[in-house]
Number of protein chains: 2
Amino acid sequence: MSSIKQKSITLHDVAREAGVSLITASRALGNPDRVSEKTVARVQAAADAIGYIPNLLAGGLKSRRSRTVAALVPIISVQQFLPTIEALTAMLDREGYQLLLGQTGYDRAREAALLNSMVGRQVDGIVMAGLLDDTPAKARIRAAGIPVVETWDITDDPFDMLVGFSHLGVGRAVADYFLAKGWTRFGVATGDDKRALIRRQGFVDRIGHDVPTAAVPAPSNLGSGRQAGAELLTKDPSIRAIFCSSDTLAEGVLTEARVRGLRVPEDLAVCGFGGTSFSGHLAPTLTTVHVDGSRIGSEAGRILLARCRGETPEEPFIDVGFRVIERESTAGR
Amino acid sequence: MSSIKQKSITLHDVAREAGVSLITASRALGNPDRVSEKTVARVQAAADAIGYIPNLLAGGLKSRRSRTVAALVPIISVQQFLPTIEALTAMLDREGYQLLLGQTGYDRAREAALLNSMVGRQVDGIVMAGLLDDTPAKARIRAAGIPVVETWDITDDPFDMLVGFSHLGVGRAVADYFLAKGWTRFGVATGDDKRALIRRQGFVDRIGHDVPTAAVPAPSNLGSGRQAGAELLTKDPSIRAIFCSSDTLAEGVLTEARVRGLRVPEDLAVCGFGGTSFSGHLAPTLTTVHVDGSRIGSEAGRILLARCRGETPEEPFIDVGFRVIERESTAGR
DNA sequence: CTGTTAGCGCTTTCAA
DNA sequence: TTGAAAGCGCTAACAG
């Protein structure tokens, strides 16, 4: 197979084949209501017959709409964001938009570079996992007038639109829940990323005093979860309840507890974060803070597409909330 | 923030600012070796000063290179492919390419539609998770001369380039391993996707007779793994060794076995597939078939980029192989 | 080393 | 309802 691209079939060919002008062919395919039904049918037939595929770069150059949206995540393997990406992609696809994926690697220089690259690609919108970092790219995005949706976090000063929830609130809610259960000896197992540390902060604030903490590099995984669990249980064997910054981390703590002969929840209570589907199928089932990542993706897609169509979404600032789901790992009191 | 895009800063502005012609500015930024160092410096300075970001749509229209690559996966939440996507994205990014992500949803009509859309976006290459389905889009891709890398599978008749391994071989290897251990009562827990079923086929072939099988919908998860485990252990309590089509499924089977009071591996041996990082941190640690998904991504990126540069990769058909990693879940004989 | 010319394929604007 | 003209912002090809 040769990599030389033969000259492709253009709208010109379709027009000739259908016996109409270039622009009529364009309209027949793009704005069928502005052309007679008969003509539309003839152009459609011609396009199908010769296998025409419109060049979206050319169209986008003139119309200034690339029908492309950028999504930036730290690393794609951070499972948290997968349902969001999945829902976003599905929603965009339905409207003929495609998703450009970028990985910042938790690095603001790379984030800035990626954003510039996305601006250069004339994306019609940007969805961020998290808040936009304070880089020079910010000004360019504003200058270019590109709609942005920040997600999975909340702030008083959003760049543009936002779909998220309060991580501080999550930490507090878990602390309240633990306190309501009457426990007194707490620990935290956390990834070292910004939002996880904010959840920890909320937890500590509400508990009222500092709490033994094991921090592992983000993204956390089962192995680092076991490690964090081991660290906490070694450092302070009297710990009775552990708040984990992800369900995966929590699974590691559960595993480590089991290996050490600790019963959950009798000897140790464990709470995760994320509300992943697997959390309900562990043994014991895992208490977690559920966040509707899929909804974040579809809401973000919805308000972004609205703005792409030139509308002004009635509510460009959506708090999807969260809820503590009590399961076996903290039950029984 | 308004969605009206003000007229953007173009190369024209840079040229004027630097006091050179348009094309010299273009070369200074794109092919610096064809322009005097002094001019390059001046143009660079001008571009930086006014915050110029090149319009890649415009450049791509003329040069017929969009610096964009499409990656098609069934669903992004199928974890198997994440390391591949991650490595691919990272490699592309280093060369200034971006990744367009598409989800086929295991549906060939959607796959065909997505491929057409990607062709229309003038992608410079396509990476498929799995083999290209036999759709009309195939002919168009060939006609457009777009390089394609099929991954995670193998065939005698690849469309273009390929980086994968034999699923039949995986099934056989696990059967050989089980047989070498001297076991005789087998079961299979599998997702219902094509490649998982081929692995099962290889397993059954080598075992020499049909084997109790629990099939769950792809993508499999911890819950469906527990379900499959329950189904197998109920249907045939004498089962002694289970081959699972993913590590996640295997984790479900391990969990179900534990809940039922079965010891692994004493009462039941379990083997997964994928070689995910978590498999080594379960308790018991999970025997699995390791596949280097990250390498698949980087090799695919490498040969694809080579072709984008007009080179002919010396080896456009790479078998990355696999290997059975023995761990506690099948140890002890 | 630098510049001029001519488009890439499509859609907007204006006119019929 | 249809068409002609005029570019979108950039780069390939050829001159100078």
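Throughout, a chain's letter reflects where its sequence line sits, starting with A, and its residues are numbered from 1. Quick caveat, the model's predicted, so the values are computed rather than measured.
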Participant: How many Å lie between CG on Leu22(A) and P on dA4(D), as a whole number?
Facilitator: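 Interatomic distance, CG of Leu22(A) to P of dA4(D): 10 Å.
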Participant: Ignoring backbone atoms, establish whether Thr39(A) has a side-chain N or O less than 4.0 Å from OP1 or OP2 of dT2(D).
Facilitator: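 Checking dT2(D) against Thr39(A), a side-chain N or O does come within under 4.0 Å of OP1 or OP2.
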Participant: Could you say whether Leu57(B) or Asn31(B) is positioned toward the 5' end of DNA chain D, judged by the nucleotide with the nearest heavy atom to each?
Facilitator: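 Closest to the 5' end, via its nearest nucleotide, is Leu57(B).
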Participant: Between Ser21(B) and dG3(C), does any side-chain N or O lie under 4.0 Å from OP1 or OP2?
Facilitator: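 Answer is yes, contact under 4.0 Å.
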Participant: At less than 4.0 Å, is any side-chain N or O atom of Thr24(B) found next to OP1 or OP2 of dG3(C)? Yes or no.
Facilitator: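 So the side chain of Thr24(B) is within the cut-off, an N or O lying under 4.0 Å from OP1 or OP2 of dG3(C).
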Participant: Using a cut-off of strictly less than 4.0 Å, decide whether Ser36(B) has a side-chain nitrogen or oxygen near OP1 or OP2 of dT2(C).
Facilitator: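 Checking Ser36(B) against dT2(C): at least one side-chain N or O falls below 4.0 Å of OP1 or OP2.
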Participant: Between Ser26(B) and dT11(D), does any side-chain N or O lie under 4.0 Å from OP1 or OP2?
Facilitator: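 So the side chain of Ser26(B) is within the cut-off, an N or O lying under 4.0 Å from OP1 or OP2 of dT11(D).
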Participant: If you check every side-chain atom of Arg27(B), which of dC10(D), dC14(D), dC10(C) has the closest atom?
Facilitator: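 Nearest nucleotide to the side chain: dC14(D).
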Participant: Output the single nucleotide from dG3(D), dT12(C), dT11(D) whose closest atom is nearest the side chain of Ser63(B).
Facilitator: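 Given the options dG3(D), dT12(C), dT11(D), the side chain of Ser63(B) is closest to dT11(D).
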Participant: Please assess Glu299(A) against Arg302(A) for the test salt bridge (charged side-chain N to carboxylate O under 4.0 Å, His left out), listing each intermediate value before the final yes or no.
Facilitator: CA-CA 5 Å; Glu299(A) 296 278 17; Arg302(A) 188 175 58 75; 2.7 Å; yes
Participant: Please give, in whole Å, the distance from dT1(D) P to Glu37(A) CD?
Facilitator: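 That distance rounds to 10 Å.
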Participant: What is the distance, rounded to the nearest whole Å, between atom NZ of Lys62(B) and atom P of dA13(D)?
Facilitator: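 Nearest whole value for this atom pair: 8 Å.
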Participant: Is there a salt bridge (charged side-chain N to carboxylate O under 4.0 Å, His left out) between Asp124(A) and Arg64(A)? Walk through the geometry before answering.
Facilitator: CA-CA 9 Å; Asp124(A) 294 336; Arg64(A) 308 188 138 291; over 6 Å; no
Participant: I want to confirm an ordering. Mapping Leu61(B) and Val35(B) to their closest nucleotides on DNA chain C, which one lands closer to the 5' end?
Facilitator: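 Mapping each residue to its closest nucleotide by heavy atoms, the 5'-most match is Val35(B).
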Participant: Please tell me if Tyr52(B) has a side-chain N or O lying less than 4.0 Å from either OP1 or OP2 of dC10(D).
Facilitator: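 For dC10(D), OP1/OP2 do have a side-chain N/O of Tyr52(B) under 4.0 Å.
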Participant: Between dC10(D), dT2(C), dT11(C), which one does the side chain of Ala58(B) approach most closely?
Facilitator: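 Of all the options, the side chain of Ala58(B) is nearest to dC10(D).
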Participant: Using side chain to side chain contact (heavy atoms under 4.5 Å, CB included), reason through Glu150(A) and Asp160(A) one step at a time and then give a plain yes or no.
Facilitator: CA-CA 8 Å; Glu150(A) 295 169 293; Asp160(A) 184 6; over 6 Å; no
Participant: In whole angstroms, how far is the C1' atom of dC10(D) from the CG atom of Leu11(B)?
Facilitator: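 Computing the Leu11(B):CG to dC10(D):C1' distance gives 7 Å.
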Participant: In whole angstrom, give the distance that lies between atom CZ of Arg121(B) and atom C1' of dG9(C).
Facilitator: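 Between C1' of dG9(C) and CZ of Arg121(B): 16 Å.
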Participant: Take Glu95(B) and Arg309(B), measure what salt bridge (charged side-chain N to carboxylate O under 4.0 Å, His left out) needs, and give me the verdict at the end.
Facilitator: CA-CA 11 Å; Glu95(B) 306 277 330; Arg309(B) 283 190 296 264; 3.6 Å; yes
Participant: What is the distance, rounded to the nearest whole Å, between atom CZ of Arg34(B) and atom P of dG16(D)?
Facilitator: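 Value for this atom pair: 18 Å.
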Participant: Let's go through Gln98(A) and Thr68(A) carefully: what are the C-alpha distance in whole Å and the side-chain angles of both, what is the deciding distance for side-chain hydrogen bond (donor to acceptor under 3.5 Å, both in side chains) to 0.1 Å, and is it a yes or a no?
Facilitator: CA-CA 5 Å; Gln98(A) 298 288 324; Thr68(A) 288; over 6 Å; no
Participant: Would you check, one step at a time, whether the test salt bridge (charged side-chain N to carboxylate O under 4.0 Å, His left out) holds for Asp133(A) with Lys138(A)?
Facilitator: CA-CA 8 Å; Asp133(A) 251 330; Lys138(A) 241 174 151 161; over 6 Å; no
Participant: dG9(D), OP1 or OP2 - any side-chain N/O from Arg64(A) closer than 4.0 Å?
Facilitator: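 Yes.
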Participant: Figure out the NE2/P separation between His12(B) and dG3(C), and round it to whole Å.
Facilitator: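 My rounded result for the distance is 13 Å.
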Participant: By nearest heavy atom, map Ile23(B) and Ile23(A) onto DNA chain C; which one lands nearer the 5' end?
Facilitator: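 By nearest-heavy-atom nucleotide position, the 5'-most residue is Ile23(B).
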Participant: Quickly work out the Leu29(B) CG to dT11(D) C1' distance and round it to whole Å.
Facilitator: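 After rounding, the gap between these two atoms is 12 Å.
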